Amino acid sequence: MAKELWKGNEAIAEAAIKAGCKYFFGYPITPQNEIPEYMALKLPQEGGCFLQAESEVAAINMVYGAAGAGARVMTSSSSPGISLKQEGISYIAGAELPCVIVNIVRGGPGLGSIQPAQSDYFQATKGGGHGDYRMIVLAPASVQEAVDLVQEAFDIADQYRNPVMVMGDGMIGQMMEPVEFVEIPKRQLPEKDWATTGLRGRKEHNVINSLYIEASQCDKHNEDLFAKYAKMEETEIRCEEYNLEGAEIVFAAYGTVARIVKNAIKSLEKEGIKAGLIRPITLWPFPKANFLKAADMPNVKAFLSVEMSMGQMVEDVELSVKGKKPVYFYGKAGGAIPTPKAIVEEAKKILGGAK
Amino acid sequence: MENDKRIRIITGHYGSGKTEFAVNYTLTLAEKGYNTAIVDLDIVNPYFRSREMEPMFEEKGVRVISSSIKGLAGDLPALSPEIYTILEDKSYEAVIDVGGDKAGATALGRFYNRIDKDECDMFFVLNANRHLTGDKQNAIRYLKSIEQGSRQKVTALINNTHLCGETKIEDIMKGQDLCLQVSQELGLPIKYTVVHKGLADYLPNNICGEIFPIDIFMKKPWEME
């Protein structure tokens, strides 16, 4: 298939349909509106169902229901709407149901702004809802990567019976880029023999539930969940390493910010300063080992996390680096975007101080 | 472009590159010394709108008319009454950049009885690489929906088939094929073929309409210094 020009949000919706998503429940919010708009147009043509719920809370609970019945289901929203969905996400994680949640992040807190941001990192990776749970969080840096990751997200969700979040900043949703829809590698997926699809000759009902009233049973449930999360950490970590060889400073950046950082790296190179980048593609599980390995490289003097937030991922970078090298932060929040020039200045300031 | 009517309404699917065309067209008018104004009627897209070019336009003496709520990077459909200025003050050569779908075109529809048809061209910018306008049937359907929303008739087609930084001559020619099909079906002329300045010299001789070389102004943050 030849490349076409797609707007990020439309492409995400089309990718979901290509991955077999049949149900979408959502509620409008900028800057992700083209996702429900596209789903409303296309899902009925595919024999699926689009439903604009009365609220985000209703939408995520419809996702819970459809996922429990074994369907491929997705919802999308932007920051304030994702906050509203947190209770449902915790229930879905607790009941071990597969679904895909797209967050096209905008400036916060509160209503914030409609411009791009990355300030939902904590919420996505540290459990925005209650209880001990984990969710794989995929962070695309281009529309093409968004298309690939959304398709894979459905498989990952089914493989682990777990919600998967695709998190892009507003730019991922709003920008136009050339895209090619290619089939993603097939995973061996388990039967959904737990789904509530009727007895069909079986004696026992399948029950979808996250209530374990006995403490010992709930403890066991948590132990089982964390055994599953450990497996995810073992197999699902993904990141891109760029220009690390001989780098004096290593940037940490994800999503579109990583592309701005790459631009800054080229500018630094022209000034004779070698810089590299570690770009987490999974924000959870976090590529700790990649950072630790870089921290052990003698050429690396410092790390600089660049984010469209007041400093969130930087904490995971610090934990990963284990104090071996200093970790710095530079960011813009509320919808403002760091410029390559400012990133270059920041890096030079740090290296100047380290010498 | 001197043959175009005083008010140029630029429509097309979002992603067709209509804003990039509108911005370039406006700057060319200003450079030729005309009293130029651009109206950003895009209430559909929250990002990448022509009003973001306001400081550059002001430097070139172009009047920018957008939201009545100044300085707001919002998505509120707050149209400025200033729009009437360019409709009534005939000293202006004006460009109206319209939102990229039927809902966006509706913002223009509200002015339909104030727009003098004899003074007005409505261009439909077509990008054959956009999935919703990739073939004749879909392109015409889209064009008609924009006519419906805006209550205006398209007067000419513009081939702006591109793939952002990956555009090849073949893309432009693919767009020309599509424009020719739409042109035949609807009896509309192809007014311009838009091409990035770096590619203009490589175009073949059989290009429809005037060649309109452009610079890219609507840059993504990693395309800037």
Side-chain angles (χ1 to χ4, degrees), chain A residues 2-11 14 28-34 37-38 41-42 78 104 106-107 113-116 141-143 169-171 173-181 253 256-264 266-267 308 332 334-344, chain B residues 12-20 42-49 52 67 71-77 99-104 125-135 138 141-142 145 160-168 170-171 174-175 178 216 218-225:
Chain A
K3 278 190 183 175
E4 290 178 323
L5 204 57
W6 284 76
K7 190 169 190 166
N9 283 333
E10 299 173 329
E14 177 61 26
I29 182 169
T30 306
Q32 62 84 54
N33 283 324
E34 294 84 359
E37 191 182 7
Y38 191 90
L41 178 73
K42 293 283 170 133
S78 178
I104 300 298
R106 62 189 243 180
S113 76
I114 61 167
Q115 299 301 313
S142 66
V143 178
D169 62 79
M171 263 182 295
Q174 289 298 324
M175 68 184 172
M176 301 273 174
E177 283 196 310
V179 164
E180 193 174 9
F181 287 92
T256 60
V257 176
R259 295 169 76 168
I260 304 173
V261 165
K262 279 185 183 176
N263 198 339
K266 281 182 194 128
S267 299
M308 284 194 281
K332 285 277 174 193
I337 303 168
T339 62
K341 200 175 157 208
I343 296 168
V344 165
Chain B
H13 187 13
Y14 52 81
S16 60
K18 70 182 163 45
T19 294
E20 198 71 74
D42 193 342
I43 58 162
V44 181
N45 275 317
Y47 298 11
F48 309 116
R49 299 179 289 199
E52 290 168 24
S67 175
L72 181 75
D75 54 352
L76 300 174
D101 61 14
K102 188 183 172 182
V125 177
L126 198 50
N127 181 351
N129 283 329
R130 285 288 286 148
H131 61 102
L132 281 180
T133 56
D135 58 41
N138 280 311
R141 189 183 300 151
Y142 214 91
S145 77
N160 187 32
T161 299
H162 70 96
L163 209 51
C164 292
E166 299 177 25
T167 314
K168 298 190 183 76
E170 297 92 86
D171 291 302
K174 178 171 98 178
L178 178 64
I216 305 300
M218 308 296 292
K219 287 197 168 117
K220 291 164 186 140
W222 47 92
E223 293 165 345
M224 297 174 196
E225 282 295 310

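Keep in mind that this is a model prediction, so the values were computed, not measured. Every chain is numbered from 1, with letters handed out A, B, ... down the list of sequences. All values below come from the heavy atoms of this structure, side chains included, with hydrogens, waters and symmetry mates left out.
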Atom pair [atom1]/[atom2] of [X] and [Y] - distance to nearest 0.5 Å:
X         : Y         : atom1 : atom2 : result
Met176(A) : Asn129(B) : CE    : CG    : 12.0 Å
Glu10(A)  : Tyr14(B)  : CD    : OH    : 4.0 Å
Lys7(A)   : His13(B)  : NZ    : NE2   : 9.0 Å

**Request:** Would you indicate whether Lys332(A), at its atom NZ, is surrounded by more than 12 heavy atoms from other residues, nucleotides or ligands within a distance under 6.0 Å?
**Result:** no
**Under 4.5 Å from a heavy atom of chain B, the part of Glu14(A) involved** = neither
**Message:** I'd like to check the side-chain hydrogen bond (donor to acceptor under 3.5 Å, both in side chains) partners of Lys220(B); sequence neighbours left out, ordered by chain and number.
**Reply:** none
**Contact leader toward chain B among Pro31(A), Gly173(A), Pro178(A), where contacts are heavy-atom pairs under 4.5 Å** =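 Most heavy-atom pairs under 4.5 Å with chain B: Pro178(A).
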**Message:** Let's test your reading of the structure: which of Met171(A), Lys266(A), Lys262(A) forms the most heavy-atom pairs below 4.5 Å with chain B?
**Reply:** Met171(A)
**Request:** Flag the pair Leu5(A) / His162(B) as yes when at least one side-chain heavy-atom distance between them is below 4.5 Å, and no otherwise.
**Result:** yes
Atom of [X], atom of [Y] and distance for their closest heavy-atom approach:
X         : Y         : value
Tyr47(B)  : Ile114(A) : OH-O, 2.7 Å
Pro340(A) : Met224(B) : CG-O, 3.5 Å
Asp101(B) : Glu37(A)  : OD2-OE2, 3.9 Å

**Request:** Let me know if Asn127(B) has heavy atoms under 4.5 Å from chain A in its side chain, its backbone, both or neither.
**Result:**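 Asn127(B) touches chain A through side-chain heavy atoms alone.
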